[in-house]
Amino acid sequence: MRRKDQEITDVQVIHEILSESEVCRLGLVENGEAYIVPVNYAYDNGTIYIHSAPEGRKIELLRQNNLVTFETELPAEITRDNIPCKWSAKYRSVMGKGIISIRSDKESKKRGLDLIMKKYGADKELNYNESSLSGMIILELRITSVNGKQSGDW
């Protein structure tokens, strides 16, 4: 990282960003070109959980190459100034690499969905009907490397 003063080295802060961010952007490769898709997700113990339809562009690409990059951030604030080049941003973000496994077994689906639903505010016991579970899969992104960056007064 070029700006070492902006690097987040505290693992707990990186876990906090991964846990609290609302959207994760997955970076995939399609015919040698980048393809990015935003997803809702949950983070737990070094793994990002994503629910998905069992078919589609993202799944086709993952079946060809399950090595991905990802990015997530907390809400940013723009700091304005009278001088245009003096504007700045206050932000915290995490980027990384990982390997995605496609899970279609019932237990993995329930575990992933429970984590995702609770992250976004479900506060009761979750019960899933069989037709809903059979029409989806869980993507487990095992993080292999991660780094964090921040700017502003934290």
Side-chain angles (χ1 to χ4, degrees), residues 1-81 83-105 107-122 126 136-154:
M1 181 174 299
R2 184 180 66 84
R3 296 279 313 264
K4 289 293 185 188
D5 61 313
Q6 293 182 330
E7 182 177 17
I8 299 172
T9 57
D10 185 336
V11 175
Q12 194 60 35
V13 173
I14 290 173
H15 289 288
E16 178 183 313
I17 297 165
L18 286 165
S19 297
E20 294 180 13
S21 176
E22 296 285 323
V23 176
C24 179
R25 288 158 197 83
L26 289 180
L28 309 162
V29 177
E30 180 176 36
N31 299 321
E33 295 182 359
Y35 174 69
I36 298 172
V37 60
V39 294
N40 296 111
Y41 75 101
Y43 171 76
D44 184 49
N45 197 29
T47 301
I48 293 174
Y49 296 85
I50 303 158
H51 67 88
S52 177
E55 298 175 4
R57 186 177 181 187
K58 172 179 66 211
I59 301 306
E60 289 173 22
L61 296 176
L62 287 171
R63 290 189 196 283
Q64 295 169 24
N65 181 356
N66 67 341
L67 303 178
V68 299
T69 58
F70 67 90
E71 183 277 341
T72 189
E73 78 276 339
L74 296 177
E77 297 175 24
I78 301 298
T79 305
R80 292 167 173 77
D81 194 284
I83 302 168
C85 290
K86 295 285 186 176
W87 286 37
S88 64
K90 178 181 178 181
Y91 65 87
R92 276 186 160 169
S93 64
V94 169
M95 294 176 52
K97 296 178 183 179
I99 301 168
I100 288 191
S101 298
I102 299 172
R103 303 287 186 207
S104 57
D105 63 283
E107 284 68 35
S108 293
K109 290 179 187 184
K110 285 182 178 181
R111 174 171 162 61
L113 281 175
D114 282 352
L115 289 166
I116 294 166
M117 295 300 296
K118 288 176 183 173
K119 172 187 176 143
Y120 291 101
L126 301 167
M136 56 86 60
I137 58 173
I138 287 291
L139 305 175
E140 292 182 1
L141 191 169
R142 185 175 49 84
I143 297 172
T144 57
S145 68
V146 66
N147 59 42
K149 187 174 180 181
Q150 66 186 4
S151 181
D153 184 21
W154 290 93

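Below, each value reflects all heavy atoms present in this structure, side chains not excepted, and no hydrogens, waters or symmetry copies.
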Student: Give, for atom OH of Tyr49 and atom CG of Asp114, the distance between the pair rounded to the nearest 0.5 Å.
Tutor: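 Rounded to the nearest 0.5 Å, the OH-CG separation comes to 11.5 Å.
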
Student: Got a sec, which residues hit side-chain contact (heavy atoms from CB on, under 4.5 Å) with Asn40, two or more places apart in sequence or on another chain?
Tutor: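 Only Tyr120 meet the side-chain contact (heavy atoms from CB on, under 4.5 Å) criterion with Asn40.
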
Student: Of all residues at least two apart in sequence or in a different chain, which pass the side chain to side chain donor-acceptor pair (under 3.5 Å) check with Asn65?
Tutor: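 Here no residue qualifies.
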
Student: Can you find a pair of side-chain heavy atoms, one from Val39 and one from Leu139, that are under 4.5 Å apart?
Tutor: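 Not touching, per the 4.5 Å side-chain cut-off.
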
Student: Does some side-chain heavy atom of Glu73 sit less than 4.5 Å from a side-chain heavy atom of Lys149?
Tutor: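 Not in contact.
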
Student: Output the distance between atom CG (Asn147) and atom CD1 (Ile14), rounded to the nearest 0.5 Å.
Tutor: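 Here the interatomic distance stands at 7.0 Å.
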
Student: So which pairs with a foot in residues 52-64 pass salt bridge (charged side-chain N to carboxylate O under 4.0 Å, His left out), sequence neighbours left out?
Tutor: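 Listed by first then second residue: Glu30-Arg57.
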
Student: For Arg142, check side-chain contact (heavy atoms from CB on, under 4.5 Å) against everything at least two apart and list the hits.
Tutor: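 By the side-chain contact (heavy atoms from CB on, under 4.5 Å) rule, Arg142 matches Ile99, Thr144.
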
Student: Test your reading of the model: is there a side-chain donor-acceptor pair from Ser145 to the backbone of Gly96, 3.5 Å cut-off?
Tutor: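 Flag not set: sc Ser145 to bb Gly96 has no pair under 3.5 Å.
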
Student: Side-chain contact test, heavy atoms from C-beta onward, threshold under 4.5 Å: evaluate it for Ile8 versus Ile17 and give yes or no.
Tutor: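 A side-chain contact under 4.5 Å exists here.
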
Student: Once side-chain contact (heavy atoms from CB on, under 4.5 Å) is applied, do any residues pair with Asp81, and if so which ones, sequence neighbours excluded?
Tutor: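 Expected list: Ile83, Lys86, Trp87.
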
Student: Starting at CG of Leu115, measure out to CD1 of Ile48 and round the result to the nearest 0.5 Å.
Tutor: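 Interatomic distance, Leu115 CG to Ile48 CD1, rounded to 0.5 Å: 12.0 Å.
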
Student: Do Ser52 and Ile59 have side chains that approach each other closer than 4.5 Å (heavy atoms only, starting at C-beta)?
Tutor: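 Heavy-atom side-chain distance check passes, below 4.5 Å.
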
Student: Just grab all the ring pair (Phe, Tyr, Trp, His ring centres under 6.0 Å) pairs involving residues 6-47, residues at least two apart or on different chains.
Tutor: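 Listed once each, the pairs are His15-Tyr43.
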
